[in-house]
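Read the structure below first, then the notes.
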Amino acid sequence: MCYKTFPEGYTFLEKIDLKNNKKQFWIVQGIGLLMMAIMIVIGYFIAGFNFFSDEKPIIMIIAVAVVIVGLIVYIVAHEATHGLVMYLSVKAKLNFGFNVLFAYAGSSGYFDKKHYILISLSPLVLWGIVFGVLNVFFHSGVWFWVIWFLQIQNVSGACGDLFCTYKMLRYPKDILVRDSGMDMMVFRRKTEEELANENDVNAEIKEEIKVD
C-alpha cells in the first residue's frame, strides 16, 4: 500500500543517492556506457552504417536535428511517465526539475515495493515498446538509426532506474520509498520487538508525567 504521509510503524533503512554517492553514481554511469556500446553494436548488426554514404547531406542534417529534438522530448516524456505512475499510485504532490546531469521526477508520497518497481521501470518498458514498434517500420537506413538512438537513450538512460529496481529486490518485503527526485529514502517496517520496546518507553514516559 502507498501513503500520502509517513505512516506509523516504519523506520529508516537506507538512502539511495545516485548524485552524491560516488560509488552508486559511477556504477550507474559505467553500466549506462556499457549498455550504450552494446546497443550500438546491436544496431550495426541490424542495419549497418551504410547510411553515411547512401544518404544526401540534407537528409543527414534533418536526421541529426530530429535526433536532438527527439532526445529532448524523450527526456520530458521519460520523467512525465515516472510522474504519471507515481500519481496513479498515490495522489500526492509531484515535483519535476532539471539538474546539470539529469532531469528528475519526485513525489511527496510513500510507495511500497511493488509500486516503486513499477514506477522505476515504466518509462523503460513503455518507450522501449514504442521505439521497438517504430523500428519495425523503419528497419534500415538513417531513419532506423534516428529511432535507434532514441532507444539507446531509453535503455542507457534507464540504468539508474534499473539500479533502483535491483536495490528494491534486495530489500525486505515491507518497505516504503519516498522519492524526492534527487534521492530515495527507504523505510522498513519495525519488528514486533521494536514496537514492544517503543510501547514500554511510551508507558514509562506517561507514568513519569503522572508522577510529576
Side-chain angles (χ1 to χ4, degrees), residues 1-8 10-36 68-131 149-189:
M1 180 177 286
C2 303
Y3 302 88
K4 282 188 176 182
T5 58
F6 188 66
E8 294 183 357
Y10 285 84
T11 187
F12 176 76
L13 176 61
E14 187 178 10
K15 180 179 180 180
I16 302 174
D17 189 343
L18 300 182
K19 177 187 174 186
N20 296 312
N21 185 312
K22 298 304 181 184
K23 180 180 179 181
Q24 294 178 352
F25 175 83
W26 288 113
I27 287 174
V28 170
Q29 296 305 311
I31 295 173
L33 290 173
L34 177 62
M35 292 303 300
M36 189 178 295
I68 293 172
V69 173
L71 288 175
I72 296 172
V73 172
Y74 166 75
I75 290 170
V76 174
H78 179 106
E79 299 308 325
T81 304
H82 279 313
L84 176 61
V85 181
M86 284 178 173
Y87 192 74
L88 292 176
S89 299
V90 59
K91 293 178 174 60
K93 182 181 178 181
L94 299 175
N95 62 285
F96 298 91
F98 291 89
N99 184 271
V100 176
L101 298 174
F102 52 83
Y104 61 86
S107 170
S108 62
Y110 295 83
F111 305 96
D112 63 24
K113 186 173 184 176
K114 179 180 68 176
H115 281 87
Y116 195 71
I117 290 175
L118 180 62
I119 290 165
S120 296
L121 296 181
S122 54
L124 173 63
V125 174
L126 173 63
W127 296 107
I129 293 173
V130 170
F131 296 140
F149 276 128
L150 297 177
Q151 186 73 282
I152 289 173
Q153 173 63 25
N154 182 49
V155 174
S156 63
C159 285
D161 300 327
L162 292 171
F163 179 80
C164 290
T165 300
Y166 165 76
K167 295 284 287 185
M168 293 301 116
L169 294 174
R170 294 176 61 87
Y171 289 140
K173 180 181 179 180
D174 294 325
I175 62 165
L176 292 176
V177 182
R178 188 181 191 278
D179 187 346
S180 69
M182 301 294 288
D183 54 49
M184 289 124 272
M185 305 293 286
V186 184
F187 305 87
R188 62 168 176 83
R189 188 182 290 277

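When reading the values below, keep in mind they use all heavy atoms of this one structure, side chains included, and skip hydrogens, waters and symmetry mates.
- Here the closest non-hydrogen pair linking Ser180 and Asn95 is O-ND2, 3.0 Å.
- A distance of 6.0 Å or more separates the ring centres of Phe96 and Tyr104.
- What you find for Ser107 and Met86 is that their closest heavy atoms are CB-SD, 3.8 Å.
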Evaluate the criterion side chain to side chain contact (heavy atoms under 4.5 Å, CB included) for residue pair Leu176 and Val186; output intermediate values, then yes/no.
CA-CA 6 Å; Leu176 292 176; Val186 184; over 6 Å; no
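- Side-chain contact check for His82 and Asp179: no donor-acceptor pair (N or O, by modelled atom type) lies under 3.5 Å.
- Residues Leu18 and Cys164 share a closest heavy-atom pair of CD1-SG, 4.2 Å.
- Of the inter-residue distances, the one linking His115 atom NE2 with Ile117 atom CD1 reads 11.5 Å to the nearest 0.5 angstrom.
- Note that CZ of Phe131 is 13.5 Å distant from CZ of Phe149, once rounded to the nearest 0.5 Å.
- In this structure, Ile31 and Val28 have side chains that are not in contact, with every pair of non-hydrogen atoms separated by 4.5 Å or more.
- Rounding to the nearest 0.5 Å places CD1 of Ile119 at 4.0 Å from OG of Ser89.
- In this structure, CD in Glu14 is found 10.0 Å from CD1 in Ile175, a value given to the nearest 0.5 Å.
- Of the possible donor and acceptor atoms, one in the side chain of Lys113 sits under 3.5 Å from a partner among the backbone N and O of Met168.
- Residues Leu121 and Thr165 are in side-chain contact: their nearest non-hydrogen atoms beyond the backbone lie under 4.5 Å apart.
- Glu79 and Ala105 get closest at one heavy-atom pair: OE1-N, 3.1 Å.
- Looking at Met184 and Lys15, their side chains never come closer than 4.5 Å, going by heavy atoms from C-beta outward.
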Between Arg188 and Thr11, is the side chain to side chain contact (heavy atoms under 4.5 Å, CB included) condition met? List the steps.
CA-CA 6 Å; Arg188 62 168 176 83; Thr11 187; 3.5 Å; yes
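- For the pair Leu94 and Tyr87, the minimum side-chain heavy-atom distance is below 4.5 Å.
- Scanning both residues, Phe111 and Gly109, for their nearest heavy atoms gives CE1-O, 3.8 Å.
- Ring centers of Phe6 and Phe187: under 6.0 Å apart, within the cut-off.
- Within a 6.0 Å radius of OH in Tyr3, more than 12 heavy atoms belonging to other residues, nucleotides or ligands are found.
- Judged by distance alone, the side chain of Asp112 and the main-chain N or O of Met1 form a donor-acceptor pair under 3.5 Å.
- Here Lys167 contributes atom NZ and Gln24 contributes atom CD; the two are 5.5 Å apart, rounded to the nearest 0.5 Å.
- Looking at every heavy atom in both residues, Leu150 comes nearest to Gly70 through CD2-C, 3.6 Å.
- Partner of Asn154 under the side chain to side chain contact (heavy atoms under 4.5 Å, CB included) criterion, out of Leu124, Leu126, Val130: Leu124 alone.
- Here the straight-line distance linking atom OH of Tyr74 with atom OG1 of Thr81 works out to 8.0 Å at 0.5 Å rounding.
- Side chains of Met185 and Phe12 form a contact here, defined as non-hydrogen atoms less than 4.5 Å apart.
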Given Ile27 and Phe163, is the side chain to side chain contact (heavy atoms under 4.5 Å, CB included) satisfied, shown in steps?
CA-CA 9 Å; Ile27 287 174; Phe163 179 80; 4.2 Å; yes
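- Remark: side-chain polar atoms of Ser108 are paired, donor with acceptor, to backbone N or O of Lys93 under 3.5 angstrom.
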